[in-house]
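Remarks on the structure that follows.
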Amino acid sequence: MNTVIIKNIFRSTTTLCMRSQKSINTAAACIVKRDFHTTKPTQDLMEFFDAKKNWPETNIRVGRAWKLDELRLKSNTDLHKLWYVLLKERNMLYTMEHECNERVRLFPNPERIDKVEESMNNIESVIRERNIAYYKLETGETGERPVKDVINLIGMPEKYQPSEYDTPKFMNTRWVRPYLKHGFINSLAVKKFRRLYNEKIHSEVRKAHNRDFNHVQHLLKRFPNLDMDTLKAEYPNVDIEKAKRTKKSRGHFMPTY
Amino acid sequence: MSTRWYPIYQRGNPQLRVFLPNFWMKLVRPHPKQLPNIVHFHCSMEMTKYDIKNYLEKIYEVPVVDVRTKINMGKFKKDVVKGYVIKEDDVKVAFVTLPKTMTFKYPDLFEKSINEEEEHAKSLDESKKNFRKYIDHNKSRPDIPSWFSI
């Protein structure tokens, strides 16, 4: 019994030792790898300009933007570093573009700016995904900024993201008075606007309905043996029986006498 | 320190911590007469003087003594044909003072590429070569238009 236990302990310790050996090896590899890094030395304000060899160039070739799937593999630290690299790159491109415009020259390959911006947007969306996942796990909510459905000044429904104000809502008389009590929503101008706007929407719907109805009548005239089910599926809000009875759908025919 | 979410002042003024600032700055050519340690920037409209100082010191590691800002209003322009009015964007300009010992001279980016004739000759050669290539390519099939194949 004892021997078995001792054997087990011995085995586990040896494996532990082996493992630690392995980890030491990997750590050494990391250190070796860390010696080689491609970060540019800081050049102070000259970082706002492109590399000197690119100044007279008319065509500067660069790679593509970072994709979402590539960024999802990266750690938060890496994304953080990459963000600053891209930020500096964008500032550099803006500076060069501005100077080119000032001196009336063509800015070589302006799509570089779009590529950098796309990469930055992708980083932001990846970080956001992670944030949402973390918040959902910890609190059950997304942690995003809340969005409210409100009626805006011209009486239209609007999505509103609450933001910070220096005076609380109940103290803010300047906001409450015009907006809610006898404010813009009930004013003559807003009422008139709403009336005309509703009329516009209504007439659009009516015209669309009439258009469909006419089209169905003409279809019936030209193709009297149409498949009615297909027609019904294509134009669900048209009364086909009514369309069949109209004069427009009858078509020309020769009298038989 | 970003344009997405800029919290207002709170009592005790807690420090802002921003992990992904999206402010931009561009270094622009200064006036002809300018002290050598003053640098001109255009920057995001939301940036304050402190933001500009922190941005340069933390991200670019440039020591900053003083920052002054102003907002240049964009010009109003009238469309020549239709007569409607267009307004250009406003620009926030930052005048950054570096320490006395530092100087910055705005580089001349187009020093080398001034030789326009050479540039012109180069592009002419290029187009001649392309035309030659196209002719050679279409020798055996003269009726086919250029867009038909690559």
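In the text below, chain A, chain B and the rest are named by the order of the sequence lines, each starting its count at 1. Since the structure is predicted, the reported quantities are computational estimates derived from the model, not experimental observations.
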Practice prompt. Can you measure from NZ (Lys26(B)) to CE (Met92(A)) and round to the nearest 0.5 angstrom?
Written response: 13.5 Å
Item to complete: To the nearest 0.5 angstrom, please state how far the CG atom of Leu87(A) sits from the OH atom of Tyr60(B).
Response: 6.0 Å
Practice prompt. Provide the full list of salt bridge (Lys or Arg N to Asp or Glu O under 4.0 Å) pairs with a residue in residues 146-165 of chain A, sequence neighbours left out, each pair given once.
Written response: Asp149(A)-Lys159(A)
Item to complete: Using the side chain to side chain contact (heavy atoms under 4.5 Å, CB included) rule, pick out the option among Met96(A), Arg103(A), Lys52(A) that qualifies with Leu109(B).
Response: Met96(A)
Worksheet item: Can you name the residues of residues 117-143 of chain A that have some heavy atom under 4.5 Å away from a heavy atom in chain B?
Response: Glu124(A), Ile127(A)
Worksheet item: Going by residue number, which parts of residues 80-92 of chain B are within reach of chain A, meaning a heavy-atom gap below 4.5 Å?
Response: none
Worksheet item: Centres of the Phe104(B) and Phe48(A) rings: under 6.0 Å?
Response: no
Worksheet item: If you draw a 6.0 Å radius around CZ in Arg132(B), do more than 12 non-hydrogen atoms from other residues or ligands fall strictly inside?
Response: no
Worksheet item: Rounded to the nearest 0.5 Å, how far does CZ of Phe41(B) lie from CG of Leu45(A)?
Response: 5.0 Å
Practice prompt. Return yes when atom CZ of Phe193(A) has more than 12 non-hydrogen atoms of other residues, nucleotides or ligands closer than 6.0 Å, and no otherwise.
Written response: yes
Fill in: Separation between OH of Tyr106(B) and CD of Glu99(A), rounded to the nearest 0.5 Å
4.0 Å
Discussion item. What part of Tyr94(A) gets within 4.5 angstrom of chain B, counting heavy atoms only: side chain, backbone, both, or neither?
Written reply: both
Worksheet item: Is any residue of residues 29-39 of chain B within less than 4.5 Å of chain A by heavy atoms, and which ones?
Response: Arg29(B), Val39(B)
Worksheet, complete the sentence: Rounded to the nearest 0.5 angstrom, the CG-CG distance for Leu82(A) and Leu20(B) is 10.5 Å
Item to complete: State whether the number of non-hydrogen atoms from other residues, nucleotides or ligands found under 6.0 Å of Glu199(A) atom CD is greater than 12.
Response: no
Worksheet item: Rounded to the nearest 0.5 Å, what separation is found between the CD atom of Glu47(A) and the CG atom of Leu27(B)?
Response: 11.5 Å
Worksheet entry | Best-contacting candidate, Val62(B), Leu56(B), Leu98(B), against chain A by heavy atom pairs under 4.5 angstrom | Val62(B)
Worksheet item: Do Pro107(B) and Met46(A) have side chains that get closer than 4.5 Å, going by heavy atoms?
Response: yes
Practice prompt. Examine distances only and state if a side-chain atom of Trp83(A) and a backbone atom of Pro21(B) form a donor-acceptor pair shorter than 3.5 Å.
Written response: yes
Item to complete: Measure Glu102(A) against the heavy atoms of chain B and call it side chain, backbone, both or neither at under 4.5 Å.
Response: neither
Worksheet item: Does a sphere of radius 6.0 Å around CZ in Arg61(A) hold more than 12 heavy atoms from other residues, nucleotides or ligands, not counting ones at 6.0 Å or beyond?
Response: no
